[in-house]
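What follows is a short report on a single structure.
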2 protein chains.
Amino acid sequence: MAMPTIYDVARHAGVSPATVSRVLNGRSTVDAGLRDRVNAAAAQLGYRPNSLARNLRRSTTNLWAVVISDINNPFFTALVRGVEDVGQGLGYSVVLCNSDENPDKEADYLRALLADQISGFIVSPTSRTENLAALHEAGRAVVAIDRRPRNLAVDTVLVDNEHGAREATTHLIEQGFRRIACITGPARLSTASRRLRGYRSALRAAGIEPDPALERHADFRQRGGYTAMANLLAARPAPDAVFVTNNLMTVGALECLADNDIRIPDQVGVVGFDDVPWATFIRPPLSTVTQPTYELGRTAATLLKARIDDPDRPPETATLHTTLHARASSRRP
Amino acid sequence: MAMPTIYDVARHAGVSPATVSRVLNGRSTVDAGLRDRVNAAAAQLGYRPNSLARNLRRSTTNLWAVVISDINNPFFTALVRGVEDVGQGLGYSVVLCNSDENPDKEADYLRALLADQISGFIVSPTSRTENLAALHEAGRAVVAIDRRPRNLAVDTVLVDNEHGAREATTHLIEQGFRRIACITGPARLSTASRRLRGYRSALRAAGIEPDPALERHADFRQRGGYTAMANLLAARPAPDAVFVTNNLMTVGALECLADNDIRIPDQVGVVGFDDVPWATFIRPPLSTVTQPTYELGRTAATLLKARIDDPDRPPETATLHTTLHARASSRRP
DNA sequence: CTGTCGCAAGAAACCGATTTCTCGTAAGGT
DNA sequence: ACCTTACGAGAAATCGGTTTCTTGCGACAG
């Protein structure tokens, strides 16, 4: 019932607890005979070290916290999976927290976790940088993911948002679309503004002046995408294509187009950012800019480990690349 | 830089650490003047108790572990969110583990977590019950979710799988479909077998003898659903409808039908188990049996708390209800 | 033969809280 | 006025490990 302690093992092997600790951690040379006796005793009793006690003494833990902004978004869950797989391999467990894009909730979580001796943080930061800055100043290992925190030099993992957006928009232009709209996220998030910038720069490169009447900021969720699309449909002259900068908003936009019996791509061409599992089998198949989500998580975890091992290394930004999958939703007949 | 300890607060307030502890936990009566001084000192120093030390002394933690079998499945992530929201309200953090439907990986996780003084476990068990049984025998609070563990009396949260499946199948029959196929999950999982049983019982109730040639066991993933569907299409006479018992396999089945240019519901009617965000806007809209996923998580968390507070209460099984959303994919023209 | 050095292993301190034990003071009863 | 009782608050033990300090033994050099 009660777990055996290191004292039980010591007594059982006829040595001191210090020696047991030394054997189990392999830090110091111990007589081979004693070592075997300790190992045998530990095995026999089914001893497992109490990590609370160990971590209290070492003042660290084997926990990582991942704070994401929307647990309902498959983008973030795939990312968590990447983090988890790497962490697991290195002996860390992952605590998952969902900030819901709410800076106060994020602050609550981080404040609580700060007291928990968590050894590393991977955060998709909300707009308010102070939360992350506080962690960083407290000397904790921090990696920002998906979004670039303003005015804060921490390790960061991003995708090349501007390039991805430019590629998507250029593709629409090449297909002959001219009045191309863009539904992007909250202006305060770098992800949203970079993608918007890429969209605009593609238009300009093709000699089309970006029209503010065709740009919408929504909330990166399904509902917001629906509303923004409905809103765009009322614009005159109406857009003939739309570039939607995340997966959930793309779902909303498609739902809106379906509700209004608008044919894709004849009446409106569509390209979405982020992959979705059903992109290929809906009719028409959906064109997407896919991100290496799982790899983003793995990269963040790797950077976090490097930061923990060497807190003084200069901060690094890893930028991964997106891939355009052009399918029928953006193809001019 | 270094976090202040209870000794710092005590010194600052001119009292003993014991008194600080008493004030902060509100367990005992303390002179109002001292109380205010302690609170002021704690606030001024920004004191947060070190949870490692607290938990070591109390020999418990404020951590819950949720072990799910597929983090890529939105069903499980919605569920985790329900757990997390309740846990957060009660002061628990949630550690997320992904067993990937692999009993060995599950065993590794649970063994590691057992040493971590985790105070509660919510697990969607793989087929091997021993892992869960070990936890239970070690006296830990455990709640099984989504699947009923064989031969193990622990708190369990389920949906009424048999009823949901019967309702879906009956609906297909009422719409005039006759050769109704079923793609279900691994036979060893109660979820899969119960849904299959509900399907069969609906057929029998309508005077149709279940045909083994129309039943397929796959792996609850997209790929498996695709293969099973392809396989079913080769059956002679071919099925005129299919009931798919989870969301990811439904995606695979739909993909397969699309690849083979099979019209839904004219050639094959479709009903899926589990909701998906895009059910309403694909053409035709997808009929689904939805589960109250978020509520499942909340219920599991509530049961877990009750179990932690009273380890001796008799095990309880909560069964939540599914809802059939009949849409165009299952409607005979 | 003796003094020094190295090293293995036990003893004890420590991490930072909570909780039990102890003591002193004030209140209340006779 | 004195003795008992209650209670508030400090001292010290405790949780279970790790790490530093100390000790004792054997080896080796002078």
Side-chain angles (χ1 to χ4, degrees), chain A residues 1-39 41-42 45-63 91 112-119 138-139, chain B residues 1-39 41-42 45-63 91 112 114-119 138:
Chain A
M1 184 76 197
M3 302 275 294
T5 73
I6 202 170
Y7 292 90
D8 299 324
V9 177
R11 203 174 320 120
H12 205 260
V15 299
S16 74
T19 300
V20 177
S21 173
R22 283 190 272 254
V23 170
L24 266 39
N25 294 291
R27 296 207 183 290
S28 166
T29 43
V30 180
D31 180 82
L34 289 191
R35 176 159 31 80
D36 294 346
R37 256 159 59 204
V38 168
N39 284 327
L45 296 176
Y47 171 75
R48 309 227 70 202
N50 179 320
S51 47
L52 285 175
R54 156 179 293 168
N55 293 333
L56 173 60
R57 180 62 231 243
R58 290 196 178 154
S59 57
T60 178
T61 63
N62 55 348
L63 290 177
L113 293 168
L114 189 55
D116 285 345
Q117 308 288 107
I118 300 281
S119 65
Chain B
M1 183 74 196
M3 302 275 297
T5 73
I6 203 169
Y7 293 90
D8 299 324
V9 177
R11 201 174 321 117
H12 206 259
V15 299
S16 74
T19 300
V20 176
S21 174
R22 283 190 273 254
V23 170
L24 266 39
N25 293 291
R27 294 205 184 292
S28 166
T29 44
V30 178
D31 180 82
L34 290 191
R35 177 160 29 81
D36 294 345
R37 256 160 59 202
V38 168
N39 284 327
L45 296 176
Y47 170 74
R48 306 228 71 203
N50 179 319
S51 48
L52 285 175
R54 156 180 291 169
N55 293 332
L56 173 60
R57 181 60 230 246
R58 292 199 177 149
S59 58
T60 179
T61 62
N62 55 348
L63 289 178
L114 190 56
D116 284 345
Q117 307 288 104
I118 299 280
S119 64

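Here is the naming used below: chain letters follow the sequence lines, and residue numbers restart at 1 for every chain.
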Where the side chain of [X] is concerned, which of [options] is the nearest nucleotide?
X       : options                : answer
A/Ile6  : C/dT18, D/dG8, D/dT18  : D/dT18
B/Pro49 : D/dG10, D/dG8, C/dA17  : C/dA17
B/Ala18 : C/dT19, C/dG16, C/dA11 : C/dT19
A/Thr19 : D/dG8, C/dA17, C/dG10  : C/dG10
B/Tyr7  : C/dG16, D/dG16, D/dT18 : C/dG16
A/Asn25 : D/dT18, D/dT19, C/dT18 : D/dT18
B/Val30 : D/dA9, C/dG10, D/dG10  : D/dA9
B/Arg58 : D/dG16, C/dA9, C/dT19  : C/dT19
B/Asp31 : D/dG8, D/dG16, D/dG10  : D/dG8

Measure [atom1]/[X] against [atom2]/[N] and give the value in whole Å, please.
X       : N      : atom1 : atom2 : answer
A/Leu24 : D/dG16 : CG    : P     : 16 Å
A/Leu34 : C/dC7  : CG    : P     : 18 Å
B/Arg48 : C/dG16 : CZ    : C1'   : 15 Å
B/Asn62 : C/dT18 : CG    : C1'   : 15 Å
B/Arg11 : D/dA9  : CZ    : C1'   : 18 Å

Is there a side-chain contact between [X] and [Y] in this structure, where contact means two heavy atoms from C-beta onward sitting under 4.5 Å apart?
X        : Y       : result
B/Val38  : B/Arg35 : no
A/Met3   : A/Asn50 : no
A/Val23  : A/Asn39 : yes
A/Gln117 : A/Asn55 : no
A/Asn25  : A/Arg54 : yes

- prompt: Does the base of C/dG16 carry an N or O that pairs as donor and acceptor with the side chain of A/Arg57 under 3.5 Å?
  reply: no
Residue mapping more 5' on DNA chain D - nearest nucleotide basis, B/Thr29 or A/Arg54: B/Thr29
